[in-house]
Each structure stands twice: as structure tokens, then as C-alpha cells.
Amino acid sequence: MNFLSGYIYYIGAFGLVLIGLFIILLKSNLVKVIIGINILDTGVNLFLISVGYLDRGTAPIFAPGVQIEASSMVDPVPQALVLTAIVIGASVLALALSLTIKLYGHYGTLNLEDIRGQRW
Amino acid sequence: MVNPAFLLAVPLGLAFIVPLLKFLAPKIPKFIPPLALLFNVVVSALLIPEASEEPVVSSIGGFSPPFAINLVAGPVGVLLSAFIALIGLLVAIYSFDYIREGAEEKYYALLLLFLTGATGVALTGDIFNLFVFFEILCISSYSLVAYLGDRSGVEASVKYLIQGTVGSSFLLLGIGLLYGQFGTLNMADIASRIEATGSTSIFIPLVLMITGLGVEGAIFPLNAWLPDAHSSAPSSISAVLSGVAIGIGIYGVARVVFTVFGAEPVFQLLAIIGLLTVLVGELSAFSQDDIKRLLAYSSIGQMGLIVFGLGIATPAGVTGGLFQLLSHGLAKALLFLTVGYMIYRSGSMKISGLRGMSKVTPVASFGFAIGAFSLVGLPPFMGFPSKLMVIRAALAKEELLFLVLVAFVLLGTVIEGSYFLRIVQVLYFKNRESDSKGGYHLLPLSGLIPICLLIVLLVIIGVYPGLISNFLSSAASELLDRTGYITAVMG
């Protein structure tokens, strides 16, 4: 299994994405679906981070008197992207949970199979 | 020269000030969105002459592309931002009297955020920035759908949120894959490097990004959320969702496919997907008895026509697609705004409940009829030249596939005509059995102004399509001309 070690982060990231999709598609409890969305988000974030990851890399800061090769620095752009994506994910999560509370107030259940006020 | 960044900064800043102004005086918040959007209309109009010469590129932070986020106000961007601001302005005016319940200042703040997100998607030249504005658009529309907090609104909003979030995650995954391959997020920079790589490695990000943007654009298999969301939202919100949001989703798909990837083989697939969307949308609309659901399904059908026009991928076809995007946006906004008052007045969302409404709300019924005729594509309304342009472009392609597709598109138009004419007949030629409220209903001024303006616009552009067709064709050539876009941005 040694040959996989270079790709371990990618495998983990896509594993999380697939687990999240699986939960979203198959679970009927709304809270579980929201958890699935969160796992999917986490997988995407992990993927973005691993794009810019460098084993034993340093922070990309140039300072006087410190000699660091640019090639040994971690790519900062994916980290900025992930920071933004985490904030967006957190706000979607908050909105989803507050809607869940409202929905429970209206229907008295969180089972999406029972919440079918509208149909195609 | 006006910096296009103002188009985003002003409404975004004001959106966060709106809730604070409520503490000064509860009346103030509702006047802020019209001011901000009027500013956007004026600035976009000022940018038009400059942008049609060559795209106005504005880099944030003073770094030259590809190192910073940049805004590209080319003909497409300026056209869409003017369009978004115009529809937004009319809807904001309409909301003065229409929105009476709930926390009004939050409604106006969210409306401004929504329109800022849409403008941002239209103007940005950076794929991650595209994602961020896309999320601003999506999150504010989830909350606006649930604004009334009623049973159907909250349910529709939850469904929309689940599907929209999965779509956004796919979009982000696609962006990550692109960044991993090219080490840049700038659209022009990616576009200039993408030719050098093999097609398999860009196929997955392409599919992921089309899927992600297609959820918002309501392309055929991804549109399950739309009928619920558009029919449960307040009518003013349905108007912007239907007129602006899905159009922006389609624009996103077009920008990614045409400019970033330059993926020719996808175009035919797009045309076929567009046709499927037309048929599914129109057939489902035909069997509805709820007026707002019917309009929502008709939006799906119209989006299919736009995608079809873009999928033709000749200058005439893309011009027709963009023209159709504008004419659908104006007509559908008019339909939702008039239906809002008709439902308010009759208390029923069923088509049968709207019998003889022309005697109760003559202006709204007249507006509905004009909007419906324009959507179907009757002359002299704006829908006629736009549909004609798409059909002519498809015929000029002279391929058997496109001839067959055009036949089906025309079939879709026939179905569309039959259900819209049925409603107009119900409005005008059926008598109202028992009207407990009785009498003649005058629209408030805030409802009258947007409806009349939309009617006038539909007729004027329908009679003189030349007013915008030059600008539209320069927009189409911007979408199709990848090398021109790359040199304009990268210098």
C-alpha cells in the first residue's frame, strides 16, 4: 500500500465527498441530510488544502534576514480559498438548521418522506 | 472612466447598512434599495459605450492580472448588470406596498445582497470569485424563499438549500481541480493554458462546474427545486428569482463552457439538454392548475430555449440566446408582479379562481396578457424577435440534428401558447361568479409604475429590436471570442 501514501489526502477527500453524497441521497431525516452536506463540504475543503500542501513546507512569509527557498513554501492561495469556503459552509449550515427548526414547527416531523406538501 | 467595482461595492455596502437604518426610522429601509439600484442602472449605462469598444478590466488591489481578483466589464457583463439592476429596481419599487408582513428591513437587505451576488457573477473574471458571488446569490435566495415563514415557503427553501448546496460543492470541487492543474484562478489565464492539456484531465472539472452552475440555471435534470421555490416565494421574489437568478446560472454555464474551457464538443450536448428542458418544462406547465407553479414550469421551458440558443454556438445563436434571456426576464418579471396582485386580490392561486379578474384588476390583467403574449412570441412584443433569432440561427446551421431540434422547440412553443392563451381567456372572457369583495380595484402607485414600465419596454423593444441588437451581438462575440477575451484581460 506504499504507493498510495502520496495520494492519501486525495483519497481521504474524495472518500469524504462520496460519504457526504451517500448520506444526502439515502437518508430521509433532515438533520442527517444536513450532516451529510457538512461532510461533503469538509471533503471539498480537504481536497483544496491538499492541492497546495507540501510535506514539511514552511509558511509563505518573506522576512529580512531569513533565507527560505520559494519552492519549499506552502501555496497560500488554497488556504485562502478554504477559509472562504469554511465561512460560506458555516453560514449555510446555520441557515439550514434554522430552517429545520421552522420546518419542524410546521410539520412536527423531520422525516423528508413525510414532508411532501408540494409535488411535481 | 467609471470603475466597475462600484457596481458591487455600493449595493453590498448599503445592504449591510439597511438593517441599521431601521433604528433611525422604520420607514427608511425601503427607500435604500431603489437608490442603490438606480445608481447601478446609471453606472452600467455609462459603461456601455466604453465596454462595447473593449472590456473594462478592473483589478482589485492594484495587482495586474493574473495575480489579483479582477472584474471584467465586457459587453456581456455590462449588459447583464444593467439588466439585473433594472429588474431589481422595478421589484424594489413594487415591494413598497406589496411587502407588508415580516421584518421588512431584512427583506430589503437580502434583496440587495441577492442582486449584488448576481451582478458579481456577471462581472467577475476569476473563477473562485465567481463561486463566492454565486454563493451570495444562492444563500440570499434560500432565505428570501422562506421569507414569509409559511409551510410551503419553508419546505421549498429547505429543498432548494439542499440541492443548491450540493451544486455549489461540485462547483468548488471543479474549481479546486482547475487550480490544481493550472495554478491560477484567473479565467483568462486558465483559458490561455487549457489548450495545452489533454481533454481527459479537463473533462471532470468541466462536468463538475456545469453541474454546479446548472443547478441554479435549472437545466433539465437539475431543476427539481425550481417549481416549489418559485411558487412559494412572495411574488416579488419570484419575479427576481425567475427573471434574474436562473438567467445568471445559465450565464455562468455559458461563460465556463465558452470562455474558460472553449469546449466545442459540449455545445451539441448543451443544445440537446436545452431541448429536453424546453419539453419537460412546457409539458409540466401545461398540466398545472396553480398559476405560480405554471409560471415556474414555464421558466424551465424558457431556460431550455436560452440554453438551446447558446448551444448553437454561432454568433447569431448566442445573440439570440442572450436576447431570449433578456426578453424572458422582463416578461416573467411582469407576469409574476401582475400575478402577485391578482392573487392578493382574489385570494386564490388556482387558475379557476382568477375568472374574470380583468374586471377587478384591469391593469394587472392587461399586464399579464402582454407578458404572456411576449413569452409565447407573438409580435409586436419582445419575445417575437428573440425567439425568431434563435430559430433562424438554428436553421442557418443547416444540420439535420438542429432541424429536428427546431421542430421540437416549435412544438414546445405551441404548448406554451395553448396554456397561456387559456389563462388569458379565463381572465378576460369568463365571468366572476361571486365576488364578495366586489368592485374595482386600483393598483397602488408602487405597483403601477413597474408594471407599466415593463409593458412599455416589452413593446418598444419588440417593435424596434435594433435598439439593443447591436450591443447584443457584440456581447455574443465577446462570449465566443476566447483569444480576444484573453488579450483584453492579460494585456
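Since this is a predicted model, take the numbers as computed values, not measurements.
- Between the side chain of B:R193 and the backbone N or O of B:F182, at least one donor-acceptor pair lies under 3.5 Å.
- When the heavy atoms of residues 130-140 of chain B are compared with those of chain A, the residues falling under 4.5 Å are B:F131, B:V132, B:E135, B:I139, listed by number.
- Under the 3.5 Å distance criterion, the side-chain polar atoms of B:T165 are matched with a main-chain donor or acceptor of B:L161.
- Considering all non-hydrogen atoms of both residues, B:A109 and B:A15 come closest at CB-O, 3.4 Å.
- In this structure the side chain of B:L226 never reaches within 4.5 angstrom of the side chain of B:M303, judged on heavy atoms.
- With a threshold of 4.5 angstrom between heavy atoms, A:L21 approaches chain B through side-chain atoms but not through N, CA, C or O.
- Residue B:D290: no heavy atom, backbone or side chain, is found under 4.5 Å from chain A.
- The ring-ring contact (aromatic ring centres under 6.0 Å, His included) analysis of residues 30-56 of chain A, with sequence neighbours excluded, yields the pairs A:Y9-A:Y53, A:Y10-A:F47, A:F14-A:F47.
- B:S287 places a side-chain N or O within donor-acceptor distance of the main-chain N or O of B:S284, the cut-off being under 3.5 Å.
- Between the NZ atom of A:K102 and the OG atom of B:S157 there is a distance of 11.0 Å, given to the nearest 0.5 Å.
- Heavy-atom distances place the side chain of A:S91, and not its backbone, under 4.5 Å from chain B.
- Heavy atoms closer than 4.5 Å to chain A are found in both the backbone and the side chain of B:S169.
- For the pair B:I246/B:H230, a side-chain contact is recorded, criterion being any heavy-atom separation below 4.5 Å from C-beta on.
- Using a 4.5 Å heavy-atom cutoff, the side chains of B:L241 and B:F114 are in contact.
- Residue-level contacts of residues 75-82 of chain A with chain B, in order of numbering, are A:D75, A:V77, A:P78, A:L81; threshold 4.5 Å between heavy atoms.
- Between B:F220 and B:I300, every side-chain heavy-atom pair lies at or beyond the 4.5 Å cut-off.
- In terms of non-hydrogen atom pairs under 4.5 Å with chain B, the most contact-rich of A:V51, A:L112, A:I88 is A:I88.
- Both the backbone and the side chain of A:L99 come within contact range of chain B, with heavy atoms under 4.5 Å apart.
- Put simply, the side chain of B:F16 reaches to within 4.5 Å of the side chain of B:L113, judged on heavy atoms.
- If you measure heavy-atom distances from B:I175 to chain A, you find no contacts under 4.5 Å at all.
- Contacts of A:V44 with chain B are made by both backbone and side-chain atoms, with heavy-atom separations under 4.5 Å.
- By the side-chain contact (heavy atoms from CB on, under 4.5 Å) test, A:L103 is found to be paired with A:L30, A:Y107, A:I115, B:V154, B:E155, B:V158, residues two or more places apart in sequence or in another chain being considered.
- For B:M349 against B:K292, the heavy-atom pair with the smallest separation is CE-CD, 4.0 Å.
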